[in-house]
**Student:** 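My structure is below; once you've seen it, I'll send some questions.
Quick note on labels: first sequence line is chain A, next is B, and so on, each numbered from 1.
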Protein chains: 2
Amino acid sequence: MKIGELAKRSGLTAHTLRYYERIGLLPPAARDVSGNRDYDESILRWIEFLGRLKATDMPIRNMLRYAELRARGESTGTERRELLAAHRDGVRMRIAELQIGLQILDAKIAAYG
Amino acid sequence: MKIGELAKRSGLTAHTLRYYERIGLLPPAARDVSGNRDYDESILRWIEFLGRLKATDMPIRNMLRYAELRARGESTGTERRELLAAHRDGVRMRIAELQIGLQILDAKIAAYG
DNA sequence: ACTTGACTTGGAGTACGCTCGAAGTTTTAT
DNA sequence: ATAAAACTTCGAGCGTACTCCAAGTCAAGT
């Protein structure tokens with residue numbers, strides 16, 4: 001799969017895919033005979049997971065830490081779990097904060113009505 | 001109250017308070033005899049509300065729209081309510097998205113354990 | 001054969017929301 | 001009286017996460 005197709009299937013642009021590779025979020029892509037990036041299906045699962053981390057506001061530098069641990073192999077499991085657990089706790093707090101905001105908005109909107 | 005005290009009491013820096021005034025989020029401050037900003041207590045409630053909008057990820061340009069409507073007076077009530085209602089809907093969707101992310105994180109973390 | 005489109009790299013530019021520095025004046029405390 | 005702290009404006013700089021352009025190569029379709 002070339003970068004254009006991966007772009008379509010992943011929902012990212014080719015620009016962004018190259019950017020992610022450049023900064024280390026994606027592993028260096030294999031190349032075909034003419035030097036174009038040639039992706040394996042499996043990259044889609046990784047991109048999807050990155051998308052989840054992003055959707056929950058994990059900053060790129062932390063995704064990068066996770067990506068590096070992942071690249072280092074099995075032995076980094078504990079660290080990875082800890083990283084995700086810390087992130088999860090942050091997400092929980094963020095949800096709580098948004099719920100408070102929601103209540104205040106509801107009250108304010110009601111006051112206008 | 002001068003800007004330093006307002007900074008302390010609002011949790012924003014003096015720099016940020018001036019920045020907010022510059023872009024129109026805060027009304028032009030009254031000045032004392034020597035030209036320094038002289039704030040009224042009431043500004044704190046407005047800043048707090050702005051903080052809530054910010055905490056729920058409203059972009060500054062929308063806060064600005066709200067601030068402008070507010071400055072135009074009573075007749076803009078309906079528009080303001082609509083703006084807040086649209087924002088509230090966005091917050092609801094964001095919470096839902098984060099909750100999905102949370103489930104996925106929980107599953108992933110469990111898989112590490 | 002030729003046009004169109006996809007790909008390559010490197011680097012510059014963008015949007016958001018601050019954040020800070022410079023240079024100068026005024027206020028406050030000792 | 002003097003030194004330190006707080007205020008002023010204007011404009012530049014920063015961190016994050018892209019986003020895009022230039023200039024060139026390569027591939028596929030008619």
**Student:** For A:Leu6 and C:dT8, what is the distance between atoms CG and C1' respectively, to the nearest whole Å?
**Tutor:**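 Rounded to the whole Å, the gap is 16 Å.
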
**Student:** If you check the B:Arg31 side chain, which of D:dT9, D:dA17, C:dC16 turns out closest?
**Tutor:**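 My answer, after comparing the listed nucleotides, is D:dT9.
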
**Student:** Can you tell me if B:Arg65 has over 12 outside heavy atoms packed within less than 6.0 Å of its CZ?
**Tutor:**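 No - once you tally the heavy atoms of other residues, nucleotides and ligands closer than 6.0 Å, there are 12 at most.
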
**Student:** Taking only side-chain N and O atoms of B:Arg37, does any of them lie within less than 4.0 angstrom of OP1 or OP2 on D:dT8?
**Tutor:**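 Checking D:dT8 against B:Arg37, a side-chain N or O does come within under 4.0 Å of OP1 or OP2.
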
**Student:** With the threshold set at 4.0 Å, does a side-chain nitrogen-carboxylate oxygen contact exist between B:Glu21 and B:Arg18?
**Tutor:**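 No, this pair does not count.
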
**Student:** Reading nucleotides 19-29 of chain C from the 5' end, what letters show protein touch, with B for base, S for backbone sugar-phosphate only, - for no heavy atom under 4.0 Å?
**Tutor:** BBB----SS--

**Student:** Consider the side chain of A:Tyr20, meaning its heavy atoms from C-beta on, and name the nucleotide among D:dT8, D:dC18, C:dT8 that approaches it most closely.
**Tutor:**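 Of the options given, the side chain of A:Tyr20 lies nearest D:dC18.
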
**Student:** Report the distance from atom CG of B:Asn62 to atom P of C:dA15, rounded to the nearest whole Å.
**Tutor:**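 In whole Å, C:dA15 P and B:Asn62 CG are 17 Å from each other.
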
**Student:** Answer yes when A:Glu48 and A:Arg45 have at least one side-chain N-carboxylate O distance shorter than 4.0 Å, and no when they do not.
**Tutor:**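 Answer for the salt bridge query: no.
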
**Student:** Rounded to whole Å, please give me the gap between CD in A:Glu5 and C1' in D:dA27.
**Tutor:**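 In whole Å, D:dA27 C1' lies 16 Å from A:Glu5 CD.
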
**Student:** When the distance from CE of B:Met1 to P of D:dC7 is rounded to whole Å, what number comes out?
**Tutor:**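 After rounding, the gap between these two atoms is 12 Å.
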
**Student:** Once you round it to whole Å, what is the distance between P of C:dG17 and CG of B:Leu53?
**Tutor:**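 After rounding, the reported distance stands at 12 Å.
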
**Student:** Quick check: does any side chain N or O of A:Asn36 sit under 3.5 Å from a backbone N or O of A:Arg31, one acting as donor and the other as acceptor?
**Tutor:**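 Pair absent, no side-chain N/O of A:Asn36 close to backbone of A:Arg31.
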
**Student:** With a cut-off of less than 4.0 Å, is there a side-chain N or O of B:Lys54 near OP1 or OP2 of C:dC18?
**Tutor:**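 Looking at the OP1 and OP2 atoms of C:dC18, one of them is under 4.0 Å from a side-chain N or O of B:Lys54.
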
**Student:** Would you kindly give the CG-to-C1' distance between B:Asp57 and D:dT16, to the nearest whole Å?
**Tutor:**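 Computing the B:Asp57:CG to D:dT16:C1' distance gives 15 Å.
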
**Student:** Please report the distance, rounded to the nearest Å, between CZ in B:Arg61 and C1' in C:dT14.
**Tutor:**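 My rounded result for the distance is 14 Å.
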
**Student:** Rounded to whole Å, how long is the line connecting atom CD1 of A:Ile23 with atom P of D:dA17?
**Tutor:**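 Atom CD1 in A:Ile23 sits about 8 Å away from atom P in D:dA17.
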
